[in-house]
Amino acid sequence: MPKTLYDKLWENHVVHIEEDGTALLYIDRHLVHEVTSPQAFEGLKLAGRKPWRISSIVATADHNTPTDHWDEGITDPVSRQQVETLDANIREVGALAYFPFKDARQGIVHVIGPENGATLPGMTVVCGDSHTSTHGAFACLAHGIGTSEVEHVMATQCLLQKKSKTMLVKVDGPLGKGVSAKDIALALIGRIGTAGGTGYAIEFGGSAIRGLSMEGRMTLCNMAIEAGARVGFVAVDQTTIDYLKGRPFSPQGELWDRAVAYWRTLVSDEGARFDATVEIDGRAIQPQVTWGTSPEMVTDIKGQVPAPEDFADPVKREGVARALQYMGLTPRTPIEQVKVDKVFIGSCTNSRIEDLREAAAVAKGRRKADSVRQVLVVPGSGLVKRQAEAEGLDKVFIAAGFEWREPGCSMCLAMNADRLEPGERCASTSNRNFEGRQGAGGRTHLVSPAMAAAAAIAGRFADVRELP
Amino acid sequence: MRAFTQLDGLVAPLDRANVDTDAIIPKQFLKSIKRAGFGPNAFDEWRYLDRGEPGQDCAKRPLNPDFVLNQPRYQGAAILLTRDNFGCGSSREHAPWALEDYGFRALIGTSFADIFFNNCFKNGLLPIKLPAVEVDALFELALATPGFRLKIDLAAQTVTRPDGKVLPFDVDPFRKECLLNGWDDIGLTLRHAENIREFEARRRIDQPWLFAQ
Ligand code: SF4
């Protein structure tokens, strides 16, 4: 029987199955950050348990860390305590690698795993963070988990899981100019809704996906969770293998050859059956902009803000009315007329080198509009930052009036000092536009890096394909 | 974990779809390194008129009179009635911790986001999925009937309305067993420690590159 990639990944990790199908899955990689781990470490200690396999743990501090004035340390005492708690826990317990605050390789947990080769094809990857789906770009089974599960994985090296149904999202055809992986993700969520993938494991396939870089695939898999799927992944191909060659934790020498031979089997077999298939014409995707408080509230740049009465379902209508009120938008306003106050380029969705290159290509030789109060560019990690500086991207941003910051989650969720003030409107390359996500009362519009840079230049949402 | 067997509880209706975990417990409270004490900040941005920060005395903060859970008739509610895709967004387990600490023991809705759903079971909180027509009817009843209560019996997998109508629900047998007994997953999993060790030993041979030191 032909197998899907999901079947293969699943079967390769089953330690035990209960009668009702609940499986004990072996976990290869456990990524840890400061926010969802303290209670797990504490639980472990209280129960007198030791971590099962320390070499599976890769940790970093990212959510709370400031993105400027690193010389002053973390000034918020509550944030500092959380980061110091992680320092202490890792010191006590150990890890394969720890990139603490200010380390040259510190960064967002979903950026540092892949760039260090700590995320390898065929792995199960877990992290107490929903965007763990990002690692699926490497044909991993990558789950976001809660804190109890963080403790469970530490204590047992396993996770209790039920097998999901499978969904193939097939995107074919070349993407248009100015259209990126982020636009595919938003267009998909606009189509199937934020619960459309609930209960499914999504495999992304088709020629448009094959054409994406690893960075693009990570962006797409990152957003799988916003479509309701716990995991999203892409099969292994030459792009995957080329990316991994020579990374710090990638295998070397004879092991590399053996690993590559195995990795090449991590594809869905010809004729494998999926429980659902969604086909998207890549050529038809336009640059996307969200207008509401859920990623499914999205339209293309030539579109307009809808009106509640466009929706037949009363719960939806009510939700749209509430979203428009929160977002301070009038029905039928063309998206291109919506002005922005701030721009955020960063987050585990779009803070990798390629994202920064795309934003810089738009910013080059231009300047942010005077009406835009702040444009933050926050690289995903110290390594991304150095790479960008080596390419001179920092200079491009600074010349355009953007701020070039230290790595971290930053204004993606505003746990540090980077945040929106009530009523401020932001073009953001992050993944969630929920009420208050980027600061209480803040208004978030999700876009690609190129579209964020275009909004910074124009002072409003603008079609990156038409910039003068 | 606290066991869940039966519950006879007051119902609070939260008539919104896609309630995300940022709304259930805003991020500033995630800086705590503790597991308890999140209840006063559940739904913080909807519940209070001022801006919530960790360490405040919530009893002194101005309540938003328009937020449904603040209405006197819903005080002491143990069952939260909700709509589609409740708990979407971040995986923060602080969301079920906050709901449990607030006093909820069960949630009833048409669908729940996956990670949140899973997290509930680890914390003695029972999420119940019912068909949309039943949820609609429950909303009508809850809004029309002050003091509206429901009885939940996990062993029998039923929700019983005051008029005697019984609504059966599905629950995974394994999760049900754990919840009924208040079993902790880790202890259960460690019964398979030998299997895990064997599996791991085989893996070290088959895919040694996964075990970099
Ligand atoms: S960048 Fe945002 S979404 Fe990603 S891990 Fe950090 S807070 Fe979560």
Side-chain angles (χ1 to χ4, degrees), chain A residues 15-16 18-20 22 24 26 28 35-36 38-39 42 47 49 53 55 64 78-79 81-82 85 96 120 122-123 128-130 144-149 151-152 155-158 160 162 194-195 198-199 228 230 249 251 255 258-259 262 294 315-316 319 413-415 432 434-437 440, chain B residues 15-18 20-23 26-28 30-35 45 51-52 54-55 83-85 88-94 96-97 111-116 118-119 122-123 172-175 184-186 188-190 192-193 195-196 198-200 203 206-213:
Chain A
V15 174
H16 173 83
E18 300 284 341
E19 266 168 42
D20 73 343
T22 305
L24 207 52
Y26 185 81
D28 297 307
V35 179
T36 51
Q39 296 88 351
E42 191 191 46
R49 290 174 176 136
R53 184 162 70 83
S55 68
N64 277 282
V78 200
S79 291
Q81 184 193 28
Q82 206 167 51
T85 304
L96 173 67
L120 296 173
M123 275 184 167
D129 187 284
S130 54
I145 56 178
T147 297
S148 295
E149 290 174 316
E151 185 181 337
H152 188 275
T156 69
Q157 210 58 43
C158 290
L160 288 164
K162 270 235 158 143
T194 49
T198 305
R230 210 175 190 197
F249 293 110
L255 270 190
R258 267 179 74 189
Y262 171 64
S294 159
V315 177
K316 259 226 162 105
L413 94 167
M415 270 184 90
R432 287 187 176 140
F434 300 157
E435 287 184 22
R437 171 79 178 182
Chain B
D15 199 356
R16 297 188 183 209
N18 297 315
D20 58 78
T21 53
D22 284 68
K27 67 230 153 207
Q28 60 269 38
L30 272 50
K31 295 182 185 185
S32 166
I33 56 169
K34 303 208 179 64
R35 212 178 183 117
E45 280 176 21
R51 181 162 167 161
R83 297 281 184 187
D84 265 356
N85 203 26
C88 58
S90 143
S91 65
R92 61 189 68 165
E93 198 160 318
H94 311 66
W97 295 340
S111 67
F112 296 89
D114 189 43
I115 300 179
F116 172 81
N118 212 26
N119 282 341
K122 318 272 179 207
N123 292 282
D172 211 86
F174 181 71
R175 283 174 164 152
D184 133 45
D185 280 357
I186 297 181
L188 287 178
T189 297
L190 285 175
H192 302 292
N195 288 3
I196 304 172
E198 277 169 25
F199 182 94
E200 194 168 56
R203 203 161 180 75
D206 294 344
Q207 296 182 49
W209 57 86
L210 296 176
F211 294 84
Q213 293 295 325

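What you see is a predicted model, and the numbers here were worked out from it, not measured in a lab. In what follows, chains are A, B, ... by sequence order, proteins preceding strands, each numbered from 1.
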Sort out for me which of [options] touches chain B most, counting heavy-atom pairs under 4.5 Å.
options                              : answer
A:Ala195, A:Ser79, A:Ala259, A:Ser55 : A:Ala259
A:Leu160, A:Val315, A:Thr36          : A:Leu160
A:Ile145, A:Leu120, A:Thr198         : A:Ile145
A:Glu151, A:Glu19, A:Glu42, A:Gln82  : A:Gln82

Where is the tightest heavy-atom contact between [X] and [Y], given as atom of each residue plus distance?
X        : Y        : result
A:Leu413 : B:Arg92  : CD1-NH2, 4.4 Å
B:Gly89  : A:Phe434 : CA-CE1, 3.7 Å
B:Glu45  : A:Gly436 : OE1-CA, 3.9 Å

Let me know if [X] has heavy atoms under 4.5 Å from chain B in its side chain, its backbone, both or neither.
X        : result
A:Leu96  : side chain
A:Ala47  : neither
A:Gln157 : side chain
A:Arg258 : both

Test log, rule side chain to side chain contact (heavy atoms under 4.5 Å, CB included), inputs B:Asp20 and A:Arg432: CA-CA 10 Å; B:Asp20 58 78; A:Arg432 287 187 176 140; over 6 Å; no
Distance-only, no hydrogens or angles: does the [X] side chain make a donor-acceptor pair with backbone N or O of [Y] under 3.5 Å?
X        : Y        : answer
B:Gln207 : A:Met123 : no
B:Asp22  : A:Arg437 : no
B:Lys122 : A:Thr147 : no
B:Glu93  : A:Ser148 : yes

Nearest 0.5 angstrom please: [X] [atom1] to [Y] [atom2], how far?
X        : Y        : atom1 : atom2 : result
A:Lys316 : B:Asn18  : NZ    : CG    : 8.0 Å
A:Arg230 : B:Ser91  : CZ    : OG    : 9.0 Å
A:His152 : B:Thr189 : NE2   : OG1   : 2.5 Å
B:Asp185 : A:Cys158 : CG    : SG    : 12.0 Å
A:Glu149 : B:Ile115 : CD    : CD1   : 8.0 Å

Non-hydrogen side-chain atoms of [X] and [Y] separated by less than 4.5 Å:
X        : Y        : result
B:Trp97  : A:Gln39  : yes
B:Phe199 : A:Leu24  : no
A:Arg49  : B:Ile186 : yes
B:Asp172 : A:Thr22  : yes

At a 4.5 Å cut-off on heavy atoms, which part of [X] comes close to chain A: side chain, backbone, both, or neither?
X        : answer
B:Ser90  : both
B:Arg83  : side chain
B:Phe112 : backbone
B:Asn118 : side chain
B:Pro26  : neither
B:Lys34  : backbone

Pairs of heavy atoms under 4.5 Å with chain A: top-ranked of B:Asn119, B:Asn123, B:Asp184, B:Leu188: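 Looking at each option in turn, the highest pair count goes to B:Asn119.
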By side-chain contact (heavy atoms from CB on, under 4.5 Å) - contacts of B:Asp206 (at least two apart):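 With neighbours one apart ignored, the set is empty.
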With sequence neighbours excluded, residues passing side-chain contact (heavy atoms from CB on, under 4.5 Å) with A:Thr85: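 A:Thr85: side-chain contact (heavy atoms from CB on, under 4.5 Å) contacts with A:Pro38, A:Gln81, A:Asn89, B:Ile33.
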